[in-house]
Amino acid sequence: MSVLVNKKTKVLVQGITGNEGTFHASQMLAYGTQVVAGVTPGKGGTKYSGKDENTFVRPVPVFNSVSDAVKATGADCSIIFVPAPLAGDAILEAIAAEVPLIICITEGVPVRDMITVASALEGSKSRLIGPNCPGIITPDGAKIGIMPGFIFTPTGKDGGVGLVSRSGTLTYEAVKQMSDIGIPQTTAIGIGGDPIIGTQFIDAIKLFNEDPETKAIVMIGEIGGNAEEIAAEYIKKHVKKPVVGFIAGQTAPPGRRMGHAGAIISGGKGTAAEKMAIMRKAGIHVVESPATIGVTVAKALGSSISSATPAKAAAKATAPKAAAAKTAAPAKAQTAPKPTAAKAATSAKTTPVKAAVPAPKAAPAKKK
Amino acid sequence: MNIHEFQAKELLRKYGIPVPFGKMIANASDAGEITHNEFAAKGITTVVLKSQIHAGGRGKGVVSDVHTNLPMEVDGKQVRGVTVIREGNIADKAYHIAKATQGNKLVTIQTGAEGKIVRRMLVEEGLNIAREFYLSILLDRQVSKNVIMVSTEGGMEIEEVAEHHPEKIVRVHIEPKMGFRSFQARELGTALGLTGEALKNFIDFAIKLVKAYDELDCSMLEVNPLVLTADNRIVALDAKVNFDDNALYRHPEYKELRDLDEEEALEIEASKYDLNYIKLDGNVGCMVNGAGLAMATMDVIQLAGGKPANFLDVGGTATADRIANAFRIMLSDKSVKAVFINIFGGIVRCDRVANGIIQASKQVDLTVPCIIRLDGTNAIEAREILEKSGLKFSVGSTLQEAAAKVKATVDAL
């Protein structure tokens, strides 16, 4: 199992014929995601197959509007790649068409537009992830986003770790650390780095908490706002599963936006130290160094890791095996040797991990 | 994006929001002349001279000589960032204070010890103030709505009020479906103890201010103090405006409001290449892809005993050129004694990044230790490229391994 998305999720891509939309639609299709429709106003009625090195594995029908696409294909998830000035409108269109899950990748959406979006979401039938996020992935099920699929490890029968994060590359970092030592992931949700986002930490954590397959949760926050604190309160009261947390920006100066629009310490509030303290009080395993997320997850899983992945020693970050080997290859398009995960696992963190290096999969390995 | 007080007031004036009559001056002789012609000659007997810098706390801030660091004095009195001039020849006094201030530095609680050079000042008419309040509009992230806050504690830092007298802050959220309404403005005005004509004027003020906040795509609009004059007018005595950077494309006219003198030279340079660079005061430079990983990398540097010299996110589309520019800018900071490049190749391919680094290090004289960690897509190829380059890089593959190398390097500094 997983949360929100799986193999059955039917995805429509808003802005499919743009550069970003084309590239990532081709990547998602290559990963095995069911991309059933694209929306580009004015190009309805055509079929789109990508272009050049981003040629799709199969053509995708294009519609003029989200509602047309939903009616024709039964799409239940929309991913948005339209430019920032139009992104707010694109989200509203998807809400109006009652798309259950909307994922907005676009960075730079004005706050004023997002206030309107947040208001429209209230009482609607839609859930929004993002904007300014890498999307969501259920390894080997559905990649609906821009993350490199090859670093993720699908779960076996013993479940895995759910991950929620405000940051893209830091998500990849954490995932790779886990994959390298054989810890699979159920679903990873990038909630986005903006001040106004749809799905918050607390929403994602509730979902993971209710998902029987998710054995532990990783939450990666950053400075600014108080979403981590709110989630920590909830975790303290309701979550029995181990939670590992990290807050980026322990060294960030106050009053400066650290890349993400939402990453700013204002009025002395939203510091990493403050968030980490509250998270610790809530029983979350808070790591100070982002380099130790993977091993901390292994430790936090303790004995239950042996059920998650039949190798008990994973707790020491030394040796998962069967499950890992089986899982570490989301591998249909995998050109690289399979036993990599096991190899990587035995040498754990000190060797240049071979498990995930078979990179071609993420890059346009599958031309045609 | 930040702007100066005089610019903010100019914008508010366009919305019919009462601000004091004032003139911007760029040099001391203007200060004397304008104070005479525009104020004294028109019967205004009190003026306020306000230094224009992008930082608060100016009233208590001290002006000191830019070369000697000695505090400036006029008539035996220390010169501050804001001066009220109310007696005698106000034009002459304005001239002397402006002369002592212009080109010198103002150190306030918000500028840090190095202070900021004052290049411009604002001369304003002094008002007959009955009461001072605080008012601001900003985003309440928790509910995704804007909130308007008022307090009877005018002139004080709102953070201080929030800490010691939270009950003195009254908040009203602006409902997107309904907009900001008179009844809400009345509620706020009443909370400030206003009645009659003063309340009426406050309601008008607040409604216009919310309209300005909205239409100007502000991310913060603070009026502190907001004053009630003896004749019941409500006036924005100060105004601080920040714009939502994401909405700047809607306001091409804001370009003219940008004051490059207020920005770090390297940050201006970085912005030309669309690089997200923030200069800090540490000794270890870093270059990373992604904002979250960049912050996390700074944390790694600190845990290793170093101090990050910058935040630098090269973004998701790190081409060789982009990397080269980022590398050069990072190394232009002379306090950088070591660098840590941390790239997680997802969409970005590590081999391309490696080529960029090599290209850049040929252009820049790399004299400090350089730790490189490339992981993800094409990481092995990238490592080979770096090793074959003959350049002295210390290459790590996992973050943990790289962190250990950073520590060893920092320890040796």
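Just so it is clear: chains get the letters A, B, ... in the order the sequence lines come, proteins before strands, and each one is counted from 1.
Side-chain atoms of A/Asn226 and B/Gln142 form a donor-acceptor pair, as typed in the model, at a separation below 3.5 Å. If you check the side chains of A/Thr169 and B/Asn289, you find no donor sitting under 3.5 Å from an acceptor. In this model, a donor atom of one side chain and an acceptor atom of the other lie less than 3.5 Å apart for B/Tyr134 and B/Glu222. In this structure, a donor-acceptor pair under 3.5 Å is present between the side chains of B/His173 and B/Asp140. In summary, the side chains of B/Thr297 and B/Asn342 do present a donor paired with an acceptor at a separation below 3.5 Å, with no hydrogens or angles considered.
Side-chain atoms of A/Gln177 come within 3.5 Å of backbone N or O of A/Ile293 as a donor-acceptor pair.
Contact of B/Asn146 with chain A is made through backbone and side chain together, with heavy-atom distances under 4.5 Å. Only the side chain of B/Asp244 comes within less than 4.5 Å of a heavy atom of chain A; its backbone N, CA, C and O stay farther away. For B/Phe344, the parts sitting under 4.5 Å from any heavy atom of chain A are the backbone and the side chain alike. With a 4.5 Å cut-off on non-hydrogen atoms, B/Ala294 does not touch chain A at all. B/Asn246 touches chain A through backbone and side chain together, each having a heavy atom under 4.5 Å away. No part of A/Ala227 comes within reach of chain B, as not one of its non-hydrogen atoms sits under 4.5 angstrom from that chain. Looking at A/Ile220, neither its backbone nor its side chain comes within 4.5 Å of chain B, counting heavy atoms on both sides. Both the backbone and the side chain of A/Val111 come within contact range of chain B, each with at least one heavy atom under 4.5 Å from a heavy atom of that chain. Of the two parts of A/Glu222, only the side chain, counted from C-beta on, holds a non-hydrogen atom closer than 4.5 Å to a non-hydrogen atom of chain B.
Scanning residues 116-124 of chain A against chain B with a 4.5 Å non-hydrogen threshold yields A/Ala118, A/Ser119, A/Glu122, sorted by number.
Heavy-atom pairs under 4.5 Å with chain B were tallied for A/Gly108, A/Gly224, A/Ser167, A/Ala84; the largest tally goes to A/Gly108. Looking only at heavy-atom pairs under 4.5 Å with chain A, the residue among B/Leu280, B/Asp214, B/Val143 that has the most is B/Asp214. Here A/Gly249 is the residue among A/Gly294, A/Pro253, A/Gly249 with the most heavy-atom pairs under 4.5 Å with chain B. When each of A/Gly168, A/Ser266, A/Gly259, A/Ala272 is scored by its heavy-atom pairs under 4.5 Å with chain B, the top score falls to A/Gly259. When the candidates B/Ala247, B/Ala296, B/Cys350 are compared by the number of heavy-atom contacts under 4.5 Å with chain A, B/Ala296 comes out ahead. Among the candidates A/Pro134, A/Gly262, A/Gly193, A/Pro195, the residue making the largest number of heavy-atom pairs closer than 4.5 Å to chain B is A/Pro195.
Under a 4.0 Å N-O distance rule, the pair B/Lys279/B/Glu267 does not qualify as a salt bridge. The pair B/Glu215-B/Lys211 counts as a salt bridge, with a side-chain nitrogen and a carboxylate oxygen less than 4.0 angstrom apart. Between A/Lys269 and B/Glu159 there is no salt bridge, since no side-chain N of the basic residue sits under 4.0 Å from a carboxylate O of the acidic one. A salt bridge does not link B/Arg373 with B/Glu401: every distance from a Lys NZ or Arg NE/NH1/NH2 to an Asp or Glu carboxylate oxygen is 4.0 Å or more. For the pair B/Arg250 and B/Asp217, the salt-bridge criterion is met [side-chain N within less than 4.0 Å of a carboxylate O].
A ring-centre distance under 6.0 Å is found for B/Phe243 and B/Tyr254.
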Give the C-alpha distance, both sets of side-chain angles, the deciding distance and a yes or no for salt bridge (charged side-chain N to carboxylate O under 4.0 Å, His left out) between A/Arg166 and A/Glu228. CA-CA 10 Å; A/Arg166 274 166 74 181; A/Glu228 291 87 352; 2.6 Å; yes

